[in-house]
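The block underneath contains the structure these notes are about, expressed in structure tokens.
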Amino acid sequence: MPELPEVETIARGLHARVRGKRIAKVHIAWQRTVDARSLPLSELVGKQITGVGRIGKYVAIQLSGGFTLAVHLRMTGQLLVGSLERRYDSSGTGDRKHERARITFADASVLAFFDARKFGRMRLLHGDVVAQLGVGRDPLDPQLTADDLKEMLAGRRTPTKVWLLDQHRLSGIGNIYASEALFYAGIRPRRAAGKLTAIERSALLKSLRRVLRRAIRFGGSSLNDYVDSEGKQGGFQKQFAVYGRLGLPCLQCRGPVRRIVLAQRSTFYCSTCQR
DNA sequence: ATCAGCACCTGTTGGC
DNA sequence: TGCCAACAGGTGCTGA
């Protein structure tokens, strides 16, 4: 479900709402929600939340004592804050049936993890979280340069769109924003990643940053399940240039948006504007 | 070392 | 209404 802008929106919302809270109780309704490599979640009891951030597509809940609870929402995960009486919904989200884990705080408020498809995972870590999670560079990291991209792309024969989905190099880009960024960069999804020119690489980096930042400003994109920590939908789905717009006119040339499948994922592009 | 394909799950939608 | 296939913001493993 969520890509970088959605995870960023969720993390910011959670930061404002749960920072400083002390954990009183942890309940796991679906055991496989806890990653096999996780420290036992019973360790959470008594810890205080010092902040919430984002690492790639992980929501990183920082805890006292140098621990981090990393939550990956995968396709349909939701993290919602509420109370035991008034559940998590400002908009009817948080179906009890899909509650997989629940953290109760000392003040009786609740942070609950919902996930219809059961793909989402939580993992408690200590120490160098980025290394343990194996996530790549963040596209919004100002330190990241077009030269870094050149190095990462060198020799890759895989389609650029497929390369963008690999979280070990750049992390945070998913199926929607890969198509969107390639449109703005004027690059066809199938172009071999290692064959991009210097101009194309810098256009790609610029387009990625532009589309990710705009999406964050809109609170992310909601197709079906995505909501932020208050249960609110994002608004960026109305701004898509190509994603989900099969047959509709390209915003630049009016030609029809096309759909192909790459690595079993729908991919949208304009055959005139993207070369 | 890469890379394509399937596995993991459930819910929704559209065709017949 | 029912049934079935296709599809969905993701990633990890397998085997060529």
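Per chain, numbering begins at 1; letters A, B, ... match sequence-line order.
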Tabulate protein N/O versus nucleotide N/O from nucleotides 14-16 of chain C, keeping only pairs under 3.5 Å, one per line.
none

Show me the protein contacts with nucleotides 1-3 of chain B, counting only N or O atoms at under 3.5 Å.
{"from": "B/dC3", "atom 1": "OP1", "to": "A/R157", "atom 2": "N", "distance (Å)": "3.4"}
{"from": "B/dC3", "atom 1": "OP1", "to": "A/T158", "atom 2": "N", "distance (Å)": "3.2"}

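With sequence neighbours left out, A/K161 forms a side chain to side chain contact (heavy atoms under 4.5 Å, CB included) with A/L165, A/N175, A/A178, A/S179, A/L182, A/P189, A/L262, A/R265, A/T267. The ring-ring contact (aromatic ring centres under 6.0 Å, His included) check on A/F119 picks up nothing, with sequence neighbours excluded.
Nucleic acid contact class of A/N175 (heavy atoms, under 4.0 Å, all strands): sugar-phosphate only. Residue-level contact check: A/Q167 touches the backbone only, with heavy atoms under 4.0 Å from sugar-phosphate atoms and none from bases.
Helical stems involving DNA chain B, defined as 3 or more consecutive Watson-Crick or G-U pairs under 3.5 Å, span B:2-8 with C:10-16, B:10-16 with C:2-8.
For A/E3, taking side-chain heavy atoms from C-beta onward, the closest of the listed nucleotides B/dT10, B/dG5, C/dG10 is C/dG10. Taking the side chain of A/W30 as heavy atoms from C-beta on, and the options B/dC9, C/dG10, C/dA8, the nearest nucleotide is B/dC9. The side chain of A/R265 approaches C/dG10 more closely than any other nucleotide in the set B/dT10, C/dG10, B/dC9.
Counted within 6.0 Å of CZ on A/R157, heavy atoms from surrounding residues, nucleotides or ligands total 12 or fewer; the atom is thus considered open.
With values rounded to the nearest 0.5 angstrom, A/R100 atom CZ is found 10.5 Å from A/R121 atom CZ. Rounded to the nearest 0.5 angstrom, A/T76 OG1 and A/Q78 CD are separated by 7.5 Å. With rounding to the nearest 0.5 angstrom, the NZ atom of A/K21 is 12.0 Å from the CD1 atom of A/I103.
Between the side chain of A/R74 and the main chain of A/K118, no donor-acceptor pair closer than 3.5 Å is present. Looking only at distances, no side-chain donor or acceptor of A/E8 sits under 3.5 Å from a matching main-chain atom of A/K57.
Remark: A/H98 is not in phosphate contact with B/dC9, judged by side-chain N or O atoms under 4.0 Å from OP1 or OP2. Residue A/S266 places at least one side-chain N or O under 4.0 Å from the OP1 or OP2 atom of C/dA8. Phosphate contact (OP1/OP2 of C/dG10, side-chain N/O of A/H72, threshold under 4.0 Å): absent. One finds no side-chain N or O of A/K97 lying less than 4.0 angstrom from the OP1 or OP2 phosphate oxygen of B/dT10.
A salt bridge links A/E200 with A/R191; the closest basic N to acidic carboxylate O contact falls under 4.0 Å.
Side-chain N/O atoms of A/E3 and A/Y226 include no donor and acceptor closer than 3.5 Å. Inspection of the A/S221 and A/Y177 side chains reveals an N or O donor paired with an N or O acceptor under 3.5 Å. A/D35 and A/S38 form no side-chain donor-acceptor contact under 3.5 Å, judged by distance and modelled atom types alone.
Ring centroids of A/H126 and A/F67 are separated by less than 6.0 Å, placing the two rings close together.
For the contact set between residues 116-126 of chain A and DNA chain B, defined by any heavy atom under 4.0 Å, the members are A/A116, A/R117, A/K118, A/F119.
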